[in-house]
Amino acid sequence: MPVSLHSTGKASFDDIYDRTDPRDYYLRMSELDYRIPELAKPHFESFIADYRAAVGTAPTVLDIGCSYGVSAALMRFDTTVAQLAEHYRGGDTTARIERDRARLAARDRHPEVRFVGMDASEPALAYATAAGLLHDVVHADLESGPPTAAQRTVLASTDVVISTGCIGYVTDRTLLQVVHAHGERLPWMAHFVLRMYDYEPIARRLSRLGYHTRKMPGTFHQRRFASEAERTQVLNTLSAKGIDPSGVEEDGWMHAELYYSTPEPYEPDSPARGRSESV
């Protein structure tokens, strides 16, 4: 199907974010081999475990740009995007909600963690809440304006902030408002950022608040390009920024990098997660 481009240069999938359930979302993402949330899952789980070890309590996790509670579903169900596409094929919205709630009741891999989602899509948040995937939500576009008092209260209750692809759609304007909602307490953050977007200006702004940012080595496949137009636009954007796409985006995939921003210097313990570099 024809795919329009967002102003950021990425393909726009607005038409599948306004459905009453995630069936069409997962089917479309599965077609594009969308895999960044499942590649991010072990890193997020280790990050959450490290927070718990450091602080002594299980965190409340805020997923910015959560859509239908994607990261929460992958972690709590211990599943993949392709498996979720199959999971959501049958039945109607009511049946899908009931299946999700039953699945969580039978086995929630992270029962001690609270998951909060923030997104501009009200239908996506409504589904994730009804299905029990998210414990609380913030329906807001903080690029357009500040959070309400009620939204600030929800944001302030979170301890760990994650994202898998919203940086670019959102900027430091959103991240700083999330941080400011916490007052003097700085939440831990882990963001997967497409190479076409520059996280370094965000890291500099965060450093003024007391954050230390570390960039992990290597890249992570996000998804295949949705169209030749998107591929051309992304390659042009990378070239204009002096980023070589050879052997990376030129092979037909969007690629992301992982950044940790934490109140104290953070070094993942597991050798499998690699050695990070300062930003």
Steps toward salt bridge (charged side-chain N to carboxylate O under 4.0 Å, His left out) verdict (E86, R89): CA-CA 5 Å; E86 286 300 316; R89 279 185 185 275; 2.8 Å; yes
Derivation and outcome, side-chain contact (heavy atoms from CB on, under 4.5 Å), residues I97 and D21: CA-CA 8 Å; I97 289 172; D21 63 56; over 6 Å; no
Salt-bridge test for [X] and [Y]: reply yes if a basic N is under 4.0 Å from a carboxylate O, no otherwise.
| X | Y | result |
| --- | --- | --- |
| D172 | R204 | no |
| K41 | D78 | yes |
| R223 | E230 | yes |

So, for [X] and [Y], which heavy atoms are closest and what is the spacing to 0.1 Å?
| X | Y | result |
| --- | --- | --- |
| L206 | M189 | CD1-CE, 3.5 Å |
| L39 | H221 | CD1-O, 3.3 Å |
| R99 | G90 | NH2-O, 3.0 Å |
| P245 | R195 | CA-NH2, 3.8 Å |
| A181 | A156 | O-CB, 3.2 Å |
| P59 | V113 | O-CG1, 3.4 Å |

Going by distance alone, is a donor N or O of one side chain under 3.5 Å from an acceptor N or O of the other, for [X] and [Y]?
| X | Y | answer |
| --- | --- | --- |
| H87 | D100 | yes |
| D244 | S246 | yes |
| N236 | S239 | no |
| S163 | H191 | yes |
| Y51 | T57 | no |

Please examine the side chains of [Y] and [X], heavy atoms only from C-beta on, and report whether any two atoms are closer than 4.5 Å.
| X | Y | answer |
| --- | --- | --- |
| R23 | R96 | yes |
| P146 | H180 | no |
| S30 | Y26 | no |
| S71 | T164 | yes |
| Y199 | S261 | yes |
| M75 | H110 | yes |
| I167 | L194 | no |
| L74 | F44 | no |

Test ring pair (Phe, Tyr, Trp, His ring centres under 6.0 Å) applied to F77 - qualifying residues, sequence neighbours left out: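 Partners of F77 by the ring pair (Phe, Tyr, Trp, His ring centres under 6.0 Å) criterion come out as none, since no residue qualifies.
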Sidechain-backbone polar pair: [X] side chain, [Y] backbone, donor-acceptor under 3.5 Å:
| X | Y | result |
| --- | --- | --- |
| E38 | V81 | yes |
| R205 | E200 | no |
| Q222 | M254 | no |
| T158 | V154 | no |
| T232 | A229 | no |
| S121 | A124 | yes |
| E98 | A95 | no |
| Q83 | T80 | yes |
| T129 | L125 | yes |
| K241 | M196 | yes |

Residues Q151, M118; criterion side-chain contact (heavy atoms from CB on, under 4.5 Å); working and verdict: CA-CA 10 Å; Q151 290 169 343; M118 184 170 78; over 6 Å; no
V178 and V161: CA distance, side-chain angles, deciding distance, side-chain contact (heavy atoms from CB on, under 4.5 Å) verdict: CA-CA 9 Å; V178 169; V161 179; 4.2 Å; yes
Distance flag, aromatic centroids of Y266 and W188, threshold under 6.0 Å: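 Between W188 and Y266, the centre distance is under 6.0 Å.
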Ring centre gap for F225 and W253 strictly below 6.0 Å: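 So the answer is no for these two rings.
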Rounded distance [0.5 Å steps], [atom1] in [X] versus [atom2] in [Y]:
| X | Y | atom1 | atom2 | answer |
| --- | --- | --- | --- | --- |
| L142 | Q177 | CG | CD | 5.0 Å |
| R152 | S157 | CZ | OG | 12.5 Å |
| H255 | I243 | NE2 | CD1 | 13.0 Å |
| L176 | L209 | CG | CG | 6.0 Å |
| H182 | R185 | NE2 | CZ | 4.5 Å |

CD/E122: more than 12 non-hydrogen atoms of other groups inside 6.0 Å: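 Not more than 12 within 6.0 Å, no.
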Do [X] and [Y] land in one hydrophobic cluster if side-chain heavy atoms of ILVMFWY residues count as linked below 4.5 Å?
| X | Y | value |
| --- | --- | --- |
| L27 | V70 | no |
| I48 | L104 | yes |
| Y34 | V248 | no |

R231 vs E249, salt bridge (charged side-chain N to carboxylate O under 4.0 Å, His left out): CA-CA, chis, key distance, verdict: CA-CA 8 Å; R231 180 181 184 275; E249 289 84 2; over 6 Å; no
Candidate pair F220 and H43, rule ring-ring contact (aromatic ring centres under 6.0 Å, His included), full reasoning: CA-CA 12 Å; F220 300 80; H43 296 270; 5.3 Å; yes
List the atom pairs, with distances to 0.1 Å, where a side-chain N or O of residues 130-140 and a protein N or O form a donor-acceptor pair under 3.5 Å, not counting sequence neighbours.
{"from": "H135", "atom 1": "ND1", "to": "F115", "atom 2": "N", "distance (Å)": "2.9"}
{"from": "H139", "atom 1": "NE2", "to": "A120", "atom 2": "O", "distance (Å)": "3.1"}

Stepwise side-chain contact (heavy atoms from CB on, under 4.5 Å) check, I162 with F192: CA-CA 8 Å; I162 62 174; F192 284 81; over 6 Å; no
Side-chain donor-acceptor pairs under 3.5 Å in residues 60-68, sequence neighbours left out?
{"from": "Y68", "atom 1": "OH", "to": "I16", "atom 2": "O", "distance (Å)": "3.3"}
{"from": "Y68", "atom 1": "OH", "to": "R19", "atom 2": "N", "distance (Å)": "3.2"}
{"from": "Y68", "atom 1": "OH", "to": "R19", "atom 2": "O", "distance (Å)": "3.0"}

